[in-house]
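Here is the structure we will look at, set down as structure tokens.
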2 protein chains.
Amino acid sequence: MLKLSKKVEYGLIAIRHIASVNNHISTVKEISEKYIIPVDVLAKVMQKLTKGKIITSYQGAMGGYTLARKAEEISVMDVISVIEGTQVGIAQCFSEVPENCSIYTNCTIKNPLGKIQHNLEHVFSSMKVSEIV
Amino acid sequence: MLKLSKKVEYGLIAIRHIASVNNHISTVKEISEKYIIPVDVLAKVMQKLTKGKIITSYQGAMGGYTLARKAEEISVMDVISVIEGTQVGIAQCFSEVPENCSIYTNCTIKNPLGKIQHNLEHVFSSMKVSEIV
DNA sequence: ATCAAATAGGACTACACAAGGCGTATATAG
DNA sequence: CTATATACGCCTTGTGTAGTCCTATTTGAT
């Protein structure tokens, strides 16, 4: 409950790593070995971060990843939404299909939850990756 | 990911309900029917809230629940921790057994996550149930 | 041209947890 | 004594997370 996924953690660690080596190209192998992260899992995380234009990939031998923008311009919120794909909400009201909630029409706490949701988004958006390095 | 459990939602709705009827005694049946919440699930939520001294229970016929303290003195954080039982953390570092994290010793983002964790707790603690009524 | 190293990405399994259902015991007002 | 409540444990099901495995593609170096 209220937990960040491992994928997000791995993503943050990887981004932090690349930033810490002055944005030199880094490979999945290198990062996964250094932080003891399952290679395949990290690989897919990196692919999502690439698609989300947070990092840039270089294929083939001598390939790897660099940051697509400065660490100060990447927020934890960016990382979360790119990796999770779907809209992240603390309740179903704030996800793709709000009506799917079993108590949708009778719910009396949509507004207060919305306020909380808004505050959480603020917390995640204001925390930049540069603060992690 | 980062979702509140249904139990917490049900708990908040129930508490809001009792507050909205001026703390008159309310039964599980009444609440579950009004908001279309599964009776058994709500019943267990109420039991936890009772054990956590957020509401007071009256057994037997004509029994039910009232708030144990004023709505202004119950925070969403209180409700969450009482219902979830365990310490709620966005990552394993902030739960009961931090060392269980698969990347515990190599993790480079414990501090920043701690900062986020702290901010989240603030969001949940500052939101009182009275704001929901 | 070939090989090795790297990313890209789909399919599948194992497991934990959330959500709910069911059965029974206990308390109490009338 | 009975009807109406809460108290509480056990079990089932569904969903989502985490991880593994396999194959395709790209590209630098020999």
Side-chain angles (χ1 to χ4, degrees), chain A residues 1-11 13-14 18 25-33 36-52 55-66 68 80 83-86 88-92 95-97 100-103, chain B residues 1-11 14 18 24-33 36-52 55-66 68 80 83-86 88-92 95-97 100-103:
Chain A
M1 216 217 90
L2 278 179
K3 265 218 177 63
L4 242 42
S5 71
K6 282 282 178 197
K7 287 181 193 173
V8 170
E9 289 184 40
Y10 296 159
I13 289 176
I18 301 176
I25 197 166
S26 309
T27 68
V28 167
K29 187 162 179 286
E30 174 190 336
I31 298 175
S32 74
E33 280 174 359
I36 322 282
I37 298 172
V39 200
D40 294 322
V41 177
L42 181 61
K44 290 211 195 88
V45 168
M46 300 304 268
Q47 286 162 25
K48 287 203 170 175
L49 290 174
T50 304
K51 278 202 164 181
I55 59 181
T56 307
S57 79
Y58 301 90
Q59 295 194 9
M62 304 300 288
Y65 299 94
T66 57
I80 292 178
I83 292 182
E84 294 304 324
T86 66
V88 177
I90 56 166
Q92 207 144 15
S95 61
E96 326 271 86
V97 214
N100 274 2
C101 181
S102 54
I103 52 172
Chain B
M1 217 216 91
L2 278 180
K3 263 216 178 66
L4 242 41
S5 71
K6 282 281 178 197
K7 289 181 192 173
V8 169
E9 288 184 39
Y10 295 159
I18 301 177
H24 274 3
I25 197 166
S26 310
T27 68
V28 167
K29 187 165 179 287
E30 175 190 335
I31 299 175
S32 74
E33 280 174 358
I36 323 282
I37 298 171
V39 200
D40 295 322
V41 178
L42 181 59
K44 289 209 196 90
V45 167
M46 300 305 267
Q47 287 160 25
K48 287 202 172 176
L49 290 175
T50 304
K51 278 202 164 182
I55 60 181
T56 307
S57 78
Y58 301 90
Q59 296 195 8
M62 303 301 288
Y65 299 93
T66 59
I80 292 178
I83 292 181
E84 294 302 325
T86 66
V88 177
I90 56 166
Q92 207 144 14
S95 61
E96 326 271 87
V97 215
N100 273 3
C101 181
S102 55
I103 52 172

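Reckoned from all heavy atoms, side chains included, excluding hydrogens, waters and symmetry mates. Quick note on labels: first sequence line is chain A, next is B, and so on, each numbered from 1.
- Looking at the side chain of B:S57, the nearest of the listed nucleotides D:dA7, C:dA29, C:dG9 is D:dA7.
- Phosphate proximity of C:dA5 to A:T27: absent, as no side-chain N or O sits under 4.0 Å from OP1 or OP2.
- A donor-acceptor pair is defined here as one N or O able to donate and one able to accept, closer than 3.5 Å; no such pair exists between the side chain of B:E33 and the backbone of B:E30.
- The side chain of B:S5 lies closest to C:dA19, out of D:dA7, C:dG9, C:dA19.
- In this structure, the NZ atom of B:K44 is 14 Å from the P atom of C:dA18, given to the nearest Å.
- The nearest whole Å value for the distance from the CG atom in A:D40 to the P atom in D:dA18 is 15 Å.
- Side-chain proximity of B:A61 to C:dA8, D:dT17, D:dT4: nearest is D:dT4.
- When heavy atoms are screened at a 4.0 angstrom cut-off, A:V28 is found touching the sugar-phosphate backbone but no base atom.
- More than 12 heavy atoms of other residues, nucleotides or ligands sit less than 6.0 Å from atom NZ of A:K6.
- Here B:Y58 does not reach the OP1 or OP2 of C:dA29: none of its side-chain N or O atoms lies under 4.0 Å away.
- Closest to the side chain of A:E84, out of D:dG19, D:dA7, D:dT17, is D:dT17.
- For A:M62 and B:Y65, each mapped to the nucleotide of DNA chain D holding its nearest heavy atom, the one lying further toward the 5' end belongs to B:Y65.
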Between B:M46 and B:I55, does a side-chain contact (heavy atoms from CB on, under 4.5 Å) hold up when you go through it step by step?
CA-CA 8 Å; B:M46 300 305 267; B:I55 60 181; 3.9 Å; yes
